[in-house]
Amino acid sequence: MSIITTQPPARSQPGRILPRRFYARGATDVAQDLLGKYLIHQDTGGIIVETEAYLGLKDAASHAYCGPTDRNRVMFGPPGHAYVYFIYGMYECVNVVCEKKGEAGAVLIRAVEPRIGIELMRTRRPGAKRLRDIASGPGKLTIAMGITRALNGADLLTSDLTVREAIASEPFEITAGPRIGITKCADWPLRFTITGNEFVSRL
DNA sequence: CAATAGATCATCT
DNA sequence: GATGATCTATTGC
């Protein structure tokens, strides 16, 4: 585990949808820069507090490691689109596609701090006792925000799933550590959290 | 609090 | 036919 000190974004319009070029970079950079941004779907949204980078063909833990298939095709497409996959027979997880077309980097959104449409999210996650249980995990946040495989391939700049600049953000530090729930490349420090944030999937 | 079992199915071998 | 970028409930200290 390591701590990375960040600067507040030099120039950002609060609430503005992130531009395509934000995503057209390496997944490791995008994963860190997504922290503190807003993930918005329809009437729900929150602050991204935990992400993981997946490095495509270079990364045995990535769904794209063995090349394009019907499932992972959007990861090889243009940046700034959603890759939503179904896992464990039960859950869906959202990624944002990075890198230029042809390269398959992606960032898994692992946890969100609920901010918009909290009541609606509560009804979708009736088992969640505390606010911090609503979206503190990749499978939980898709349920809370109504994100399904129907959004696989959706454009994050023009669909009703978007990522936006922070409204009013305090400076924060980033903690890096090993990714969760994988067996290959398990020691690569590609999981990033807002240091000390209580809405992450685990401390 | 930590460890473990069970749910459940699309995808790939 | 096995596995998996998970979650919840339950069991055991």
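As the structure is a prediction and not an experimental result, all values here were calculated from the model. Atom set for the values below is all heavy atoms of this structure, side chains included, hydrogens, waters and symmetry mates excluded.
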Rounded to the nearest 0.5 Å, what separates atom CZ in A:Arg110 from atom NZ in A:Lys140?
10.0 Å
For nucleotides 10-13 of chain B, print each protein N/O atom paired with a nucleotide N/O atom at under 3.5 Å, atom names and distance only.
from: B:dC12; atom 1: OP1; to: A:Thr69; atom 2: OG1; distance (Å): 2.4

When rounded to whole Å, the CD1 to P distance for the pair A:Ile87 and C:dT6 reads 7 Å
Rounded to whole Å, how long is the line connecting atom CH2 of A:Trp188 with atom P of C:dA5?
14 Å
With a distance cut-off below 6.0 Å to the six-membered ring centre and an angular limit of 45° from the axis, does A:Arg179 pair with A:Phe192 as a cation-pi contact?
no
If I take atom CE in residue A:Met75 and atom P in nucleotide C:dA5, what distance separates them, rounded to the nearest angstrom?
11 Å
Interatomic distance, CD1@A:Ile134 vs NZ@A:Lys129, rounded to 0.5 Å, equals 12.0 Å
If B:dT8 has a Watson-Crick or G-U wobble mate with both distances under 3.5 Å, name it; if not, just say none.
none
Any salt bridge between A:Arg25 and A:Glu99, counting N to O under 4.0 Å?
no
Nearest whole angstrom, please: distance from the P of C:dT6 to the CD of A:Glu50.
10 Å
Watson-Crick or G-U wobble partner of B:dA3, both distances under 3.5 Å
C:dT10
A:Glu92 bridged to A:Arg149 by N-O distance under 4.0 Å:
yes
For the pair made of NE2 in A:His63 and P in C:dT3, what is the distance, rounded to whole Å?
15 Å
Centroid distance under 5.5 Å and plane angle under 30°, A:Tyr54 vs C:dA5:
yes
Decide whether A:Thr69 and A:Arg71 meet the rule of one side-chain donor and one side-chain acceptor closer than 3.5 Å.
no
Rounded to the nearest Å, what distance is computed from the CG atom of residue A:Leu108 to the P atom of nucleotide C:dA5?
10 Å
Under 4.0 Å, counting only non-hydrogen atoms across every strand here, what does A:Ile182 touch: a base, just sugar-phosphate, or nothing?
sugar-phosphate
How does protein contact run along nucleotides 7-13 of chain C, one letter per nucleotide 5' to 3', with B for base contact, S for sugar-phosphate only, - for none, heavy atoms under 4.0 Å?
BS-----
Whole-Å distance, A:Lys184 NZ to C:dT3 P, equals 11 Å
Basic-acidic side-chain contact under 4.0 Å: A:Lys184, A:Asp59
no
Rounding to an integer number of Å, can you tell me how far A:Ile143 CD1 sits from B:dA7 P?
18 Å
Could you verify whether a donor N or O on one side chain and an acceptor N or O on the other, from A:Thr175 and A:Thr195, lie under 3.5 Å apart?
yes
Do NZ/NE/NH1/NH2 and the carboxylate oxygens of A:Asp155 and A:Arg20 come within less than 4.0 Å?
yes
